[in-house]
Structure formats: structure tokens, C-alpha cells
Amino acid sequence: MNQTNQNWSLEQQRVDEVVSEISRRIHLLEQETLDTKSEMIDIRKNFWDDVTVNFDDAAERAETFASLKQQAELLSERERTHRQAALQLRTLNKLQHSPYFGRIDYAEEGEQSAEAIYLGISSLRDGSDENYLIYDWRAPVSSLYYDYPPGPAQYETPMGTIQGELQLKRQYMIREGVILSLFDTGVTIGDELLQAVLGGQSDAQMKSIVATIQREQNRIIRNERSRLLVVQGAAGSGKTSAALQRVAYLLYRYRGVLTADQIVLFSPNPMFNSYVATVLPELGEENMQQTTFQDYLVYRIGKAFKLEGPYAQLEYALTNADEPGYKARMEGIRYKASMNYAQLMERYLVYLGEQGLIFRSLLFRGESVVDADTLKAYFYSLDHSIAIPNRLRLVAEWLLEKLKEREQAACSEAWVEKEVELLDKETYLKAFQSLKRQKGFTEESFNDYDREHRFLAKYVVAEKFKPLRSRIKKLGFIDLKAIYRQLFTDPAFAVSIANGGCKLPAAWPEICAGMVNRLDGGEMAYEDATPFLYLVERIRGFQTNTSVRHLLIDEAQDYTAFQFVFLKRMFPRSRVTALGDLNQSINAHTSGGSDGFAALTELFEPEETETIMLMRSYRSTRQIVEFTSRLIEGGDKIEPFNRDGLEPTLTSAAGETELHRLVSCRIEALLSAGHGTIAVICKTVSQSRIAYEALGKAVPELRLLEKETESFEPGVIVIPSYLAKGVEFDAVIVYDASSSEYSRESERRLFYTVCTRAMHELHLYAAEGEWSPFITDEAKRLCALESQKTATVNSV
């Protein structure tokens, strides 16, 4: 037996032993889980039989409470034990199929022999509970596997740096307890394993990458120093995957201190939330909080306005270029995304501290309790050095006192007499119970007509004034919509506020007119939503969240400078991980260029900021990466992973009818080739609907994905360009790559984003006319050119 076969045999023998131990643990845990579940059922079934209930006197009530508490705690403890056992059982079931993926032999400095360390998704000790059979990939020693080749190596622990020598680095692919491949490797995770993983089919959910983490990705995952970690990476470089493994690492590293609900992920759309939802549970961790920035805006101001979303704004940018006012709106979108506008807002807030706040009169039964002018005068009579939110709270306290006076006067008014006489039985009893809780009330007093009447009058008045009291406490006497509108009512007003310190766009008068029209119609444009909410928060007091300790922002290149400012204020204690690719900046505010992540990095101190560049693309085949890298400036810096595949194809068609026939044939061929996720990517929603209607007859399994779609499922889909971002597909069909669709420089990044969604196959079509100018002659040479006559399925 040669050395390789002997190693394989010994390694398989160890796998068998570990799997046997895992099976033994599973059997014990299954029995424990069944026993615990049975106990839980018994406790619930007999809960009240085991509780002594007696409320006769204080002592009996205390004993009853103690008995209830004891029984509830027993049930809670059994439920907690059951949950923990079920979680362990789920992890062990995963380990049973593939117990580990790597091994390192490491000799610490001063030690004579090396220890063999096996890495998996979770730790496992032997039967004696003394030795590790498997180390969790997040353990400090496991970083050696990702960071070093055989030779001198060190790793960090809470106790300090451990130095030594890495003598062996071995990788495995184990399925159902059987070693399918085994090889020794150097500094990077071996190409053989990556080839096997990346060559597989795409799925409805993103998968864990712990077995194939690269050294640069490991830097992201284990970074604990930076308050701001910026990850700028090429399409398919594993940014999001590394960030999710980072969350799993942090939950492991700070177990008992950090919990999943203290981590928030802002993702690009609800469908993406579904796509990444299984990664953390696969690693035995709870999912963090996930939302989109748009969902947050809707939650905060969606009831007050018909709120435009980022995709509706992008649709406008892509389809309305010929409409009147388009250039002014686009200029306004870019301006309101900038730090210039944030500075203008700060100057406006200074102005409002001195003058200009707009108040609402407080009305009761159509009459003024305190009018708007009186409110304004009282507010500005207060010390101007006091912050606006604190002054408003002082106004609220003053108003509540005024309201008390008005309530007392109302008790003797005629309308109260009528209300008391018309009280129905239910309201009467409710008033009686409420009044019983008041100091000085006795049941005898309710038999006295005059006292009863006074009590009921107070009750009626208090109930009628309750909405007004609530409004005052919520600072509802401020007209926030009018205050924001005031900035745009007269274009010269903002010029005076800026006073030369903040540059205003040339189209400012048109921008103001458009904004006022939308606001008066009850609409809030996407570019105004964050600035408006920021103004609201600065006036009423920021609703900060100090419990969130880690904030992840995916597709961060699509966030505005203003949104970064807002998020920094909203999560003041949070560390931020921002993931993005400037070449995929597709939102309307970035169409004219981007300053990268400068707006974000300026919010943090330089010494607490780190930027990591990921330039190697793993998603697509070498042929696809070489093609897509020629679509953008600086694409030559992107390094393709050496995984071969088919060349991208360019197919011209003579009109839409021929286009739909060719695309249908291509879909049929891709399905026959075994591809599980196939995307026909269109530029806009309207184009997607046209394609869906035309192709649906020939491809009955076709589905249309729109912005309301919340789950990502495998199959054949038609999808707008911007919804495809962040997701990958086995094969991508670009529905129309002609110059009529992609020719403006502002669309270059969108076109690049569309093409980089493909893992294995990329096919571009043009209904008629010239190809997009982004497809250079050099890029065309990398493709299989197919004309209308030769573009048949069999020629691919």
C-alpha cells in the first residue's frame, strides 16, 4: 500500500470513529429530547393540579403566587433544556454527514510533537470529554488553517500570541461519512475543493463557506479591532458570504455577551433576506435582525405619505429621460444624497433654533385651547441655548398644565351635562371602575347624586381630553411636514440659509417646485425621505438604538451620504461592516459618479477604520469574468478564479418575435443541461413584464419576480436588473443588450451588474440594432458570436 492510500485508509478509519461517536451522542440526545418533551407535556397538562390557589388573605395570596412562580419556572427550565438539546441534535446531524473539512498539525513552540487539529462547523469532544475530536472553525487555533502555509505560524488567543510550526495542512471532502477527496495544500484553500464547490449548481439559499474561506476573507471574519470595516470587493468575491461568517464568528467569540438580536443586517431587498436566511442556522446560530432601509422608512413615515421606494426612483431614472423636468429631478436626487445637503440641513436646524418653527393650534371641540402663535412665542421665549427637542418638551409640560386648566373649566359646561345623561350602561360601569381607583372615592359617595355627577363629569372630560394629551406628549403640536416644505417654498430662502457655505445646484428653483408639488399631493420622493426623517429626529429628539452592537450594510455603495449620517446617529454604539462594489453602484444618485465610501469613512476616526479589498472573483467561470471585467474601467485588476466554462455568447435577432423564439430555445437547452436557476434579466419592470408575457407560452414554468417578491426559489425567472443584484444564477440571459437599452454612461455599472450574476453560462441577446457600446471589440473577441441565422440551440 503506497503512502497516499495508507493516509486515506487511516483518515477514513478516523472518520468512522468520529461518526460512531456522533451517532452515540445523537442516540442519547434523542432520548433526552423525548424525555424532556414528555415532562413538558405533563407539566402543562397538570399545571393547575400542582398549584395551590387561595386568595383569601395576604398570606394565602403570597403562597399562591410562589406556587405559580415555581411551577412556571420548572416549565421554563424544561423548555430551555429541550431547545438546547434540539439545537445540539441539529448540529450533530450535520456533523454526522460531514464531520470536518480540514486538518492542521501544529507544534507549539517548545513542544516536541505536533497536535492534529480537525476543523468542522462545531466543536466535539470525545466520550471522556477531555480531548477535542473536532475544533469549531471559529476557535482561535483554527485561524492557522486559513492564514498560513506549512512552516512558522502563530495565532492570537485571549491570553496572548501562540507561536509554533504548522507541519501539515490537509483538506477533505466528506459526504455521508465517506471521504470523497483528500489532499494536502499550501497557503490558500486548495483549488480542488473550490472547484468542486463552485462548480456545483446555484440554490435558493446562500450556503456557508467555512470550508473554503480564503485568507483575505478570514481577515474580514475575525476583525475585532475596527469600528468601521469597509469591504470593497469585485462581483462574486464573497463579500456577503464572509460577512455572514463574520456574524457567526462574533456570536461564537462573544458567547454570553453578544446575542443575535444585537446585530442588524440592512440588505438590498426582501428577496435577498430570504436568500441569506439559512447561512447562520446552518452554522448553529440564530439569525440576526434583517431589514431593508426602505422597510425602515415605511415603518417610520409610511403612514403620513405615499412613499416612493429606491426601485421606483431607479425606474424613473431609467425610463423617463425624455420627460419635462427629468434633468432637474436627477440633479435634485444627486444633491439630496450629498454631504452638501446634509450641511444645508444643519444650517436650517440652526435657523430653526432661532426662528421659523411652525406650530399647530391645539383645538378642542373646534375651539382653540392654545393657538399656534402663542405656542411659537412661548417656545422662542425659552433659553435658545437649550436644544430644540428639550425646549419642545418644556413646551409640552407647559401645554399639559394649560390643558388641566381647560379641563377644570369644561366640567361645568353644558355639553358635559348632556354627555353624562347619555352615558350607556357599559360606559357607566367603566367610569365607576375607573373612579373607584381614584383617591378619596368611596362607594357611599356614589349614592350622593351631586358627588356622583361631579365624578362622572370629570370622567367624561378626561376621556374627551385624552387624545389631546396624547398628542401633546408626542409633540404633535409641531407641523413637521410644513417645516420641511418651508425650505423649498421660496428658492431664495435656502440660498439665504446656505449663505455661501453650502453649494446649491443650478436647477434649485425647479427642484423646489417639484418637491412642493409632490409634498402637497401627499407624496414623498425617495431622495427626500431620509432628509425629512433626519429633520424630524433632530427636532423631536433622535430615537437612537444603543442595544445594537454590530451593523452590517450590504450593497453599501448604493447608500447616500445622508443615509450614512442618519444610520451613524441611529446606532451610536454600533460597529459597522459595510460591504460593496463601486462598480455595481446602480442607484439614481450614483449615476453621475461616486466618491466611493468617503462619506462613510469621514464619520469615523482614521485609526478605527479599516478597508479590505477583495479582487478575486469566485462566482463566475474564468471566461465570464474575463468578459465582464472588460465592461468597466479598472476591470483588469479583477482576478478570475481558474474555473473553466463555456464562452459567453452574443446573439443578434431580427426583431422581438425572433428574439423570443431564440430565448425560449436557449432556456430549453439550459434546462436540459441541468441548470437549476436560470434568470432572464431585463432592464426595467415594464420590459420584464413584456418578456414574461412573450416567453410564458413557450416556457410554462417561467416566473416573474418583482419588488414585492419576498422569497427566492430555484427555477426559471424573469427579473428586473436591479432586483438581481446580490443574487447568483447558474445561467443568465440578458434579454436585450443593445445600444437602445444600455448606452448612457450612467447605465454602464447596471449592465456590468447584470452580466456578473452568472455562475456557469452567460448569454446576451439584442432584438435589433447595435450592441451596447460597453461591449468593446476586445470583449466581443471573448464571445461566441451568433447571428440570427446561426443562433440555434445546437450550436452552443
Side-chain angles (χ1 to χ4, degrees), residues 146 187-203 206-207 209 211-221 230-245 268 272 275-276 554-557 579-586 611-648 677 679 681 721 724-732 734 748-764 774-776 778-779 782-783:
Y146 300 112
V187 62
T188 59
I189 305 306
D191 282 358
E192 297 93 334
L193 185 57
L194 270 172
Q195 289 277 13
V197 173
L198 299 174
Q201 302 298 308
S202 177
D203 202 350
M206 181 179 283
K207 294 183 175 66
I209 61 163
T212 57
I213 291 169
Q214 304 295 289
R215 186 174 188 177
E216 66 272 18
Q217 294 170 329
N218 198 42
R219 284 179 60 205
I220 298 166
I221 293 167
V230 175
V231 182
Q232 156 64 30
S237 57
K239 301 181 293 295
T240 304
S241 294
L244 294 174
Q245 318 303 310
F272 185 84
Y275 182 58
V276 302
D554 205 1
E555 305 294 351
Q557 75 280 351
L579 319 158
D581 178 10
L582 299 178
N583 288 318
Q584 296 183 68
S585 300
I586 66 171
T611 299
I612 296 177
M613 305 290 290
L614 300 177
M615 298 310 296
R616 197 178 194 199
S617 180
Y618 298 98
R619 173 188 296 137
S620 308
T621 61
R622 177 178 55 79
Q623 287 80 0
I624 293 174
V625 173
E626 288 177 349
F627 170 77
T628 56
S629 64
R630 284 165 171 78
L631 303 178
I632 52 169
E633 185 180 351
D636 56 318
K637 296 176 183 177
I638 299 173
E639 178 189 351
F641 177 69
N642 191 25
R643 179 169 67 87
D644 280 327
L646 297 174
E647 295 174 340
T677 56
I681 303 183
S721 55
K725 187 159 61 162
V727 187
E728 59 189 26
F729 307 93
D730 292 331
V732 164
V734 182
R748 180 185 292 275
R749 291 167 174 168
L750 181 64
F751 186 63
Y752 170 76
T753 302
V754 166
C755 294
T756 54
R757 301 304 94 202
M759 291 177 62
H760 308 300
E761 294 193 43
L762 173 63
H763 304 286
L764 296 89
F774 308 142
I775 306 175
T776 61
E778 187 179 3
L782 298 171
C783 297

From OH (Tyr752) to CG (Leu631), nearest 0.5 Å: 8.0 Å

Taking Thr621 for the side chain and Arg643 for the main chain, is one N or O donor matched with an acceptor at less than 3.5 Å? no

Could you work out, with salt bridge (charged side-chain N to carboxylate O under 4.0 Å, His left out) as the rule, every residue matching Glu626, not counting sequence neighbours? Arg622

Please check if any side-chain donor atom of His760 sits under 3.5 Å from a side-chain acceptor atom of Arg619, or the reverse. no

With rounding to the nearest 0.5 Å, note down the distance linking OG in Ser585 to CZ in Arg749. 4.5 Å

Could you work out, with side chain to side chain contact (heavy atoms under 4.5 Å, CB included) as the rule, every residue matching Glu216, not counting sequence neighbours? Gln214, Leu614, Tyr618

CG/Asn218 to CD/Gln245 distance, rounded to the nearest 0.5 angstrom? 10.5 Å

Give a yes or no answer on whether the side chain of Glu639 reaches the backbone of Ser617 with a donor-acceptor pair at less than 3.5 Å. no

Which residues pass the side chain to side chain contact (heavy atoms under 4.5 Å, CB included) test with Thr753, sequence neighbours left out? Gln584, Ile586, Lys725, Arg757

Heavy-atom side-chain proximity of Glu647 to Cys783 below 4.5 angstrom: no

For Phe627, give me all partners under ring pair (Phe, Tyr, Trp, His ring centres under 6.0 Å), at least two apart in sequence or on another chain. none

Between Ile632 and Ile638, is any pair of side-chain heavy atoms under 4.5 Å apart? yes

From CA spacing to verdict: side chain to side chain contact (heavy atoms under 4.5 Å, CB included), Arg616, Phe641: CA-CA 7 Å; Arg616 197 178 194 199; Phe641 177 69; 3.4 Å; yes

Roughly how far, to the nearest 0.5 Å, is CD1 of Ile221 from CG of Leu244? 10.0 Å

About how many Å separate CG of Asp730 and OG1 of Thr677, when rounded to the nearest 0.5 Å? 3.5 Å

Do you know which two heavy atoms are closest between Pro268 and Asp554, and how far apart they sit? CD-CB, 4.3 Å

Determine, step by step, whether Leu646 and Gln623 satisfy the side chain to side chain contact (heavy atoms under 4.5 Å, CB included) criterion, reporting the C-alpha distance in whole Å, the side-chain angles of both residues, the deciding distance to 0.1 Å, and the verdict. CA-CA 7 Å; Leu646 297 174; Gln623 287 80 0; over 6 Å; no

Salt bridge (charged side-chain N to carboxylate O under 4.0 Å, His left out) against Glu778, all qualifying residues, sequence neighbours excluded: Arg630

Taking all non-hydrogen atoms of both residues into account, name the closest pair between Ala758 and Ser620 and its distance. O-OG, 2.5 Å

Under 3.5 Å, side chain of Ser241 to main-chain N/O of Gly238, donor-acceptor pair present? no

According to side chain to side chain contact (heavy atoms under 4.5 Å, CB included), who are the partners of Ala243, at least two apart in sequence or on a separate chain? Leu552, Leu579

Rounded to the nearest 0.5 Å, how far does CG of Leu750 lie from OG of Ser721? 4.0 Å

Within the structure provided, determine whether Val734 and Cys755 are in side-chain contact (heavy-atom separation under 4.5 Å). yes

Using modelled atom types only, decide if a donor and an acceptor are shared between the side chain of Lys239 and the backbone of Asp581 within a distance under 3.5 Å. no

Arg748 vs Phe774, test: side chain to side chain contact (heavy atoms under 4.5 Å, CB included). Steps then yes/no. CA-CA 7 Å; Arg748 180 185 292 275; Phe774 308 142; 3.5 Å; yes

Less than 4.5 Å apart, any side-chain heavy atom of Ile612 and any of Val230? no

